[in-house]
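Following: one structure in structure tokens, then a few remarks.
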Amino acid sequence: MTTPVNGVCAVSVKARGHWYPVSTEGLTYAHTADEVGGCESASFTITDTKLRGLLAADSQVVISSRRTSRVVWSGTAENVDPTDDGTGLQVTCQGSKYLLADRRFTLPYLVTRLDAWEMDNLHASVLGGEVSTGPLPWAPALIPNAVLLSLPGMVTLFEGDRTRARCTAFEDSDMKVGGIYGLNISGIDSDELQSAIYVGDAGFGNVPYQRNLRDASWVTNAWAGSSGEFPYDQDKISLEIRLEEVITNAPNTFLALPYDRMTTWYGLRVYGQMKDRFGSNIVTATGTPGLDPVLVVEDLIGRCLSDVISTDQARSPRYALYGTTPRYWPETLDYSDAPVTPLQVISDLLSFNPDFFCMVSPIDLTDEALGNPAHGLTFAPWPTRPRHNIAQGDVRWETSGDDALYNRVTITWVDASGRTRSKTYVADLNVYQDLIHMGSRIRELEPVDLGSQIGSQGNADRIAAVIFDSYARLPKGGTVFVDKPLANLMSGQMTPPEHLTPGALAHVAETGENLRCTAVSVDSDNGTATLTLSNPRLDIPELVARATRRKRR
Amino acid sequence: METPTIRLVNSPDPGARVFHDLNDPAAQTTWVERRDEFTLGEPTWFQTATGIMEGTREITIPLAIMGERHEALARVSAISRTLMRRDKTTWLEFKLPGGLATHFRLREQQGGELDFGMVRADQSHRSLWRWNLQLTTDAWGIGPRIQLDTFTVAAQQANMGVLLAPDIEGDVPAPLNIDLTPNGGWSGWQQLISVIGVDQASSYVGSKFWVATSFTPTSPANFNGASIEFPPSLGASTTGGEVLSGTIPATVPPGTYKCMVLARRNPSTTGGGGQFRSGTKFFSTFSGGDWVSWQPSGPNDQSWVDTGELTLPGGLNFDGMADNGMVTPTLAVRFKWDGEASGIGGSTADAFSIDGILLIPVDMTSAVAGATSVAPVWDPTAGPSANATCRVDSDGKRVGVVAGGVWHNLPAPAVAGGVPILVHPDARNYLTVLNRINPTGPTSSTGDGLFEYEVAVTASYRPRYLHIASR
């Protein structure tokens, strides 16, 4: 017979519009701060018989401390099955972090691929004009990939004749165009032949965003809203070469040399129009080659998660808090080919930035009652000061399943011109001294494929460094069993086991180290918690799987 | 001759329906024989950190049944049917002559399959049949419901914790049912109800509330005598200014407390919110919990802001170290404006007030167990209306609205914390009741975090006995 235990935590479930406090046994729940974390999972047996037939998958579940009435975990029921003896219900739940995985969006945050640029036939007013992309023979060595627009030769040109290329990445996506960055080199330095950028519907008569671009013009700081120049809420952006007026000192039937009739754009980056957590456009200018990951998370809150993630900055820390914290800005972040979940975007950002963590907090019942977004989202650097104090001898050291050292990895990606590239990286012995005992032995990790969404030379270099940081060092980890309040070194208070959360450093008295607490699981019946301490290895299979998923789509 | 009452009934209350009277020698049908097999069993149980218990006992009742074979079998069948009632609770009532009745709750499916093998004839008396009825029940028996004295929480007053009763009967913690009935409407839609039992010798006298005037405002210095108020200039602070600090009286025993800050947005303030952080000070060094925000939605909004738990008297209880008794504990609260709010209106100096601080025990060294608490959160558009009663039914493990004595079909509130709420025998039990915990709206005309009307608090419990010999 199922017997209620009703440990230090209580469970409430929402079934058919009503909340029910329920008696449980075997209640456990877990939080993680590894990959995208937060409320992860829970399981328990409901011993009340009144909920038979009422509780179903997707019913809301809230776990709270009986002592403090603080909500410590929330999520939804995933499986509800009768117990073997038929007297109760066995319930397994998934935590609130999966709110980030139940929706998909097309998000061209930072588009560098050249195949996004197509000949805009609607506005190519001259037959024979051409748009081509790829490595060009006269390109500067550092930025070989370019978009080239040319007017036709051997035909009579008139004022207003043009050739235009349109960026298709934002059409039918969930973002608008937010900015563009690139180097323009035109064949002729004259007032008559001009390059231009159009934002929005580039029909005849519309005023271009920028025109009269000359040779070697860098287009910088072009953000929606900056100085009121860049138009808002447009999903189209085009490049143009245009005969502004008939050239007076040359035949207008054709321009003398081929490169006189063309304009070339190098290193083009088109940014999506970023939003803040309130859904307002961010007008901060950028001229940097990448995109700030904390800004991307802020955008996800305002654009994709506004119904579930609170704007309360105590629960969802503001990106501005991390203004000077070092972090890697991906130089390509382009989810325009297929919709992605916010969870996958953040997961990619964490792959580049293993010194950050992300957690979705439990529900706030007050906000829930008001219909407000009721969860917090923390995307923050790992703290540098320890919070949990682990007494002498309390850690059970464990070796992880894969503690082998690796000194080589091959990373494959699709570059801006659509070419598949790969590079094999070798770990530097001067940096990773754990490798020294391997001598000349080569152990290579499974190849990693970044695909095109996050693929670039710089991104590959970064991932390689991140991989070596975890696979070219000996892993260290362990577990701590907590059966009484744990000293919190940051607050000076004692934290009861049911309130413990990961995403904090644990000071291990035994070794003097500060290790990351990456997971906490709580056993409510016994009022105990188990902390997982580790410096976790980047999940290579997960990286590969993500790349594979992209290919399949 | 003593003839104890042993009956199967449908409720532990007087007037319950009697399914079977198992000990009625006068009727010459079924009675309990004085044999060695008779036992009320030994309780086995365990207790969690909050005092919630779980356990069972095995009761054996040697029955004698008089009658022809078919009559005896029919009697056994009838009793077994009662024992196997699903989704209904059956109670075993036991009462010695002149004593009080004790009821044992039968566990579901007791009696098991109807087993004719359990019936055996007494060879010496062909019409007397014997059957050892074996029952699994809760570890404890319960006594008649005890109603505690009603007390009131006055309007506009912070409740500092009420002594429920000088003595709670029983051997083990018992579920407490609580009714809150306001003498008017409800301006709040989230309450906090917490009970803790402390040693009889403890100096604890209930949750400790201080009006803000008993603290020293450290920044800024303007102080109007009723509350501490902050000018908008504090908004420039990104780390938060310390706004209150003061010595904690020795009457607050060592333990962990929930620190509630009673905050109010003032009439002339048109927007914005704040963040609070509470902690303790060791000389000039502050250490405290995480920032907690409160976003009032209108002028005069007032709420209890839950800033988390504090360990007092301060200092970390490392292994091998005693509680830090030699350092005079200091409580401190820090505050900052929410940098992303729409801004504090105008330049008025009375934008925000802290009216007081309350410490509610979570666990204390002088407590017999950790507190039990529950915080119902109602749908603010469909919560309890005027004069309706909010009922915490610890026996039935539910929280809801009672109107006219019956459960109302309003949507049940979301519940943080849980039921049952427990009272502890051989301890002094203190109840704390608060109105409006962290709500951001809607507001009433006075936007009151305190109860807007007088609230009658009635509570009752059924004592639980592990040992019933003396009753």
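Residue numbering restarts at 1 for every chain, and letters A, B, ... go by the order of the sequence lines.
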- Item | Residue selection (most heavy-atom pairs with chain B, distance under 4.5 Å) from A/G7, A/G527, A/A509 | A/G7
- Message: How long is the straight-line distance from CD of B/E309 back to CE of A/M494, given to the nearest 0.5 Å?
- Response: 13.0 Å
- First locate atom CG of A/N526, then atom CZ of B/F46, and finally report the distance between them rounded to the nearest 0.5 Å. 8.0 Å
- Note on the structure: One should read off an interatomic distance between B/T372 OG1 and A/R67 CZ, to the nearest 0.5 angstrom, of 11.0 Å
- Message: Please classify the contact between A/D364 and chain B as side chain, backbone, both or neither, with a heavy-atom cut-off of under 4.5 Å.
- Response: neither
- Quick one: pull up CD in A/Q493 and OG in B/S278 and give me the separation to the nearest 0.5 Å. 7.5 Å
- For each of A/Q60, A/R387, A/R315, A/K14, tally heavy-atom pairs with chain B at distances under 4.5 Å, and name the one with the top tally. A/R387
- Message: Please rank A/V8, A/T68, A/V71 by heavy-atom pairs under 4.5 Å with chain B and give me the top one.
- Response: A/T68
- Message: Are the side chains of B/L192 and A/S69 in contact, using a 4.5 Å heavy-atom criterion?
- Response: yes
- Task: Would you name the heavy atoms of B/A414 and A/L365 that are closest together and state the gap between them?
- Result: CB-CD2, 3.8 Å
- Task: Apply the test side-chain contact (heavy atoms from CB on, under 4.5 Å) to residues A/E368 and B/V377: give CA-CA distance (whole Å), side-chain angles for both, the deciding distance (0.1 Å), then the verdict.
- Result: CA-CA 9 Å; A/E368 166 75 2; B/V377 184; over 6 Å; no
- Query: Who pairs with B/T50 by side chain to side chain donor-acceptor pair (under 3.5 Å), at least two apart in sequence or on another chain?
  - Reply: B/T48
- Message: So, taking the atom named CG in B/D290 and the one named CG in A/N488, what distance separates them when rounded to the nearest 0.5 Å?
- Response: 8.0 Å
- Query: Side chain, backbone, both or neither: which part of B/I193 has a heavy atom under 4.5 Å from chain A?
  - Reply: neither
- Item | Residue selection (most heavy-atom pairs with chain A, distance under 4.5 Å) from B/S373, B/A371, B/G289, B/A412 | B/S373
- Message: Assess, by modelled atom type and distance only, whether the side chains of A/Q313 and B/S293 contain a donor and an acceptor separated by less than 3.5 Å.
- Response: no
- Note on the structure: Nearest heavy-atom contact between A/P21 and B/V415 is CG-CG2, 4.2 Å
- When B/T256, B/I196, B/I437, B/V419 are compared by non-hydrogen pairs under 4.5 Å with chain A, the top option: B/V419
- Grab the two heavy atoms, one from B/P413 and one from A/W19, that are nearest each other, plus how far apart they are. O-CB, 3.1 Å
- Message: Heavy-atom cut-off 4.5 Å, strictly under: side chain, backbone, both or neither for B/L310 against chain A?
- Response: both
- Note on the structure: Max heavy-atom pairs within cutoff under 4.5 Å with chain B, candidates A/G17, A/A10, A/C9, A/S64, goes to A/S64
- Counting only heavy atoms closer than 4.5 Å, note whether A/S65 contacts chain B via side chain, backbone, both or neither. backbone
- Item | Option in B/G370, B/A375, B/G288, B/A369 with maximal non-hydrogen atom pairs under 4.5 Å from chain A | B/G288
